[in-house]
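I have a structure here, written as structure tokens, and I will follow up with some questions on it.
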Amino acid sequence: MSLLNPVLLPPKVKAYLSQGERFIKWDDETTIASPVILRVDPKGYYLYWTYQSKEMEFLDITNIRDTRFGKFAKIPKSQKLRDVFNMDFPDNNFLLKTLTVVSGPDMVDLTFHNFVSYKENVGKSWAEDVLALVKHPLTANASRSTFLDKILVKLKMQLNPEGKIPVKNFFQMFPADRKRVEAALSACHLPKGKF
């Protein structure tokens with residue numbers, strides 16, 4: 001083994017993960033089921049979904065604790081959602097389409113993101129491949145430049161219709177120190193206000 005060759009290669013994102021898949025995202029608390037397109041960015045930093053209104057929600061891969069599919073995934077408790085997915089019919093194949101992504105800052109404060117695909121066995125492959133990205137050693141033990149690249153990737157994915165990064169995204173990325181962000185933007189001769 002040569003010292004010039006890296007021993008541990010960065011995680012590879014499979015093509016179907018970055019191309020995306022259609023799912024229905026549901027939540028038991030709000031009893032809302034919305035069609036989304038679920039994707040992983042090409043570098044494997046974020047799992048994100050896009051609603052029909054083009055609104056995006058991001059989930060950092062390092063915050064994912066578990067992925068579940070089939071009988072281990074969450075099942076809707078509210079009758080309204082059970083009716084949407086026709087769960088009370090005997091020929092229902094709901095469990096073959098489920099995917100639950102468990103995330104949180106620790107193992108106590110967990111959030112469950114529930115998805116149902118339009119096709120069978122899609123949830124299984126997504127759960128396995130997303131968990132493989134999560135468990136890769138370089139995902140949690142990345143270099144400083146990787147974390148800077150991660151910020152850039154997220155900013156580039158949230159472009160406005162003109163193809164520019166909105167100023168509000170900088171403030172959302174660094175919410176604790178607004179004055180420092182404004183000073184950095186003005187030092188780079190970039191807009192720092194709403195206009």
Side-chain angles (χ1 to χ4, degrees), residues 1-23 25-27 36-51 55-75 95-117 119-159 165 169-177 180-181 184:
M1 177 170 61
S2 170
L3 293 176
L4 299 176
N5 292 335
V7 177
L8 191 60
L9 297 172
K12 295 215 186 246
V13 178
K14 294 188 177 178
Y16 80 92
L17 291 174
S18 58
Q19 290 169 355
E21 184 73 41
R22 291 179 33 210
F23 282 88
K25 185 178 187 319
W26 61 270
D27 186 17
V36 296
I37 297 177
L38 187 65
R39 293 184 179 103
V40 175
D41 72 280
K43 294 189 177 185
Y45 298 144
Y46 298 101
L47 175 73
Y48 66 101
W49 49 94
T50 310
Y51 293 94
E55 178 189 344
M56 298 171 96
E57 282 191 41
F58 290 87
L59 182 59
D60 194 331
I61 290 284
T62 57
N63 285 340
I64 295 176
R65 301 290 167 229
D66 193 17
T67 56
R68 303 172 182 175
F69 63 92
K71 65 180 181 178
F72 302 108
K74 281 190 86 171
I75 297 173
L95 291 178
L96 297 174
K97 300 177 180 180
T98 58
L99 170 66
T100 298
V101 178
V102 184
S103 68
D106 51 40
M107 295 302 285
V108 178
D109 301 321
L110 298 176
T111 305
F112 295 88
H113 306 278
N114 305 301
F115 301 94
V116 177
S117 75
K119 301 179 233 168
E120 294 179 9
N121 296 323
V122 171
K124 179 181 180 186
S125 57
W126 272 79
E128 291 171 350
D129 291 334
V130 168
L131 196 60
L133 287 172
V134 171
K135 293 192 177 225
H136 192 281
L138 286 181
T139 300
N141 302 306
S143 66
R144 286 185 195 164
S145 62
T146 302
F147 287 107
L148 291 172
D149 188 38
K150 198 178 201 180
I151 291 170
L152 181 64
V153 165
K154 187 171 182 181
L155 288 171
K156 281 183 172 179
M157 289 189 333
Q158 297 176 309
L159 299 177
I165 300 171
N169 291 358
F170 286 105
F171 293 124
Q172 288 173 352
M173 188 69 69
F174 308 103
D177 207 351
R180 190 179 263 177
V181 172

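The first residue in the sequence is number 1, and the count goes up from there.
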Subject >> S18: partners by side chain to side chain donor-acceptor pair (under 3.5 Å), with sequence neighbours left out >> reply: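 Result, side chain to side chain donor-acceptor pair (under 3.5 Å) vs S18: none returned.
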Subject >> Residue of the set V122, T98, L99 for which side-chain contact (heavy atoms from CB on, under 4.5 Å) holds with F115 >> reply: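 By the side-chain contact (heavy atoms from CB on, under 4.5 Å) criterion, F115 pairs with just one of V122, T98, L99: L99.
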Original post:
Does OH belonging to Y51 count more than 12 external heavy atoms closer than 6.0 Å?
Top reply: yes
Original post:
How about W126 and F23: are their ring centres within less than 6.0 Å of each other?
Top reply: yes
Original post:
Does the pair D60 and K150 meet the rule for a salt bridge (charged side-chain N to carboxylate O under 4.0 Å, His left out), with working shown?
Top reply: CA-CA 10 Å; D60 194 331; K150 198 178 201 180; 2.9 Å; yes
Subject >> Which atom of D66 lies closest to which atom of R68, heavy atoms considered >> reply: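 It is OD2-NE, 3.1 Å.
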**OP:** Ignoring hydrogens and angles, tell me if any N or O in the side chain of D106 forms a donor-acceptor pair with the backbone of D109 under 3.5 Å.
**Re:**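 Side chain of D106 to backbone of D109, a donor-acceptor pair under 3.5 Å: yes, one is there.
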Subject >> Shortest non-hydrogen contact from P11 toward L138 >> reply: CD-CB, 4.4 Å
**OP:** Apply salt bridge (charged side-chain N to carboxylate O under 4.0 Å, His left out) to the pair D41 and R39, showing each step before the final yes or no.
**Re:** CA-CA 6 Å; D41 72 280; R39 293 184 179 103; over 6 Å; no
Original post:
Can you name the closest pair of heavy atoms from K12 and L133 and give their distance?
Top reply: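 Taking K12 first and L133 second, the nearest heavy atoms are O-CD2, 3.9 Å.
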Original post:
Taking NZ, NE, NH1 and NH2 as the nitrogens, is one of them in D27 or K25 under 4.0 Å from a carboxylate oxygen of the other?
Top reply: no
Subject >> Short side-chain to backbone donor-acceptor contact, N169 and I165, under 3.5 Å >> reply: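 A pair under 3.5 Å: no.
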Original post:
Can a cation-pi geometry be assigned to K154 and Y45, taking NZ or CZ under 6.0 Å from the six-membered ring centre and within 45° of the ring axis?
Top reply: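 Relative to the ring axis of Y45, which defines the angle, K154 lies outside at least one limit.
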Original post:
Going by an N to O cut-off under 4.0 Å, is there a salt bridge joining E21 and K119?
Top reply: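 Looking at E21 and K119, the cut-off is met.
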**OP:** Would you please test F69 and L96 for side-chain contact (heavy atoms from CB on, under 4.5 Å) and show each step?
**Re:** CA-CA 8 Å; F69 63 92; L96 297 174; over 6 Å; no
Original post:
Side-chain donor-acceptor pair under 3.5 Å between N114 and T100, yes or no?
Top reply: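 Checked: N114/T100 side chains pair up, N/O donor to acceptor below 3.5 Å.
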**OP:** Specify the closest pair of heavy atoms between K71 and L95, including all atoms of both residues, with the distance to one decimal.
**Re:** CA-CD2, 4.1 Å
**OP:** Check T67 against A127 and note the closest heavy-atom contact, atom names and distance.
**Re:**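 Closest heavy-atom pair between T67 and A127: OG1-O, 2.8 Å.
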Original post:
For L47 and I64, which heavy atoms make the closest approach, and how far apart are they?
Top reply: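 Of all heavy-atom pairs spanning L47 and I64, the closest is CD2-CD1, 4.2 Å.
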Subject >> Parallel, tilted or perpendicular, as decided by the 30° and 60° cut-offs, for the rings of H113 and W49 >> reply: tilted
Subject >> Check against side-chain contact (heavy atoms from CB on, under 4.5 Å), E55 and T50 >> reply: CA-CA 6 Å; E55 178 189 344; T50 310; over 6 Å; no
Subject >> From CA spacing to verdict: side-chain contact (heavy atoms from CB on, under 4.5 Å), V40, Y46 >> reply: CA-CA 6 Å; V40 175; Y46 298 101; over 6 Å; no
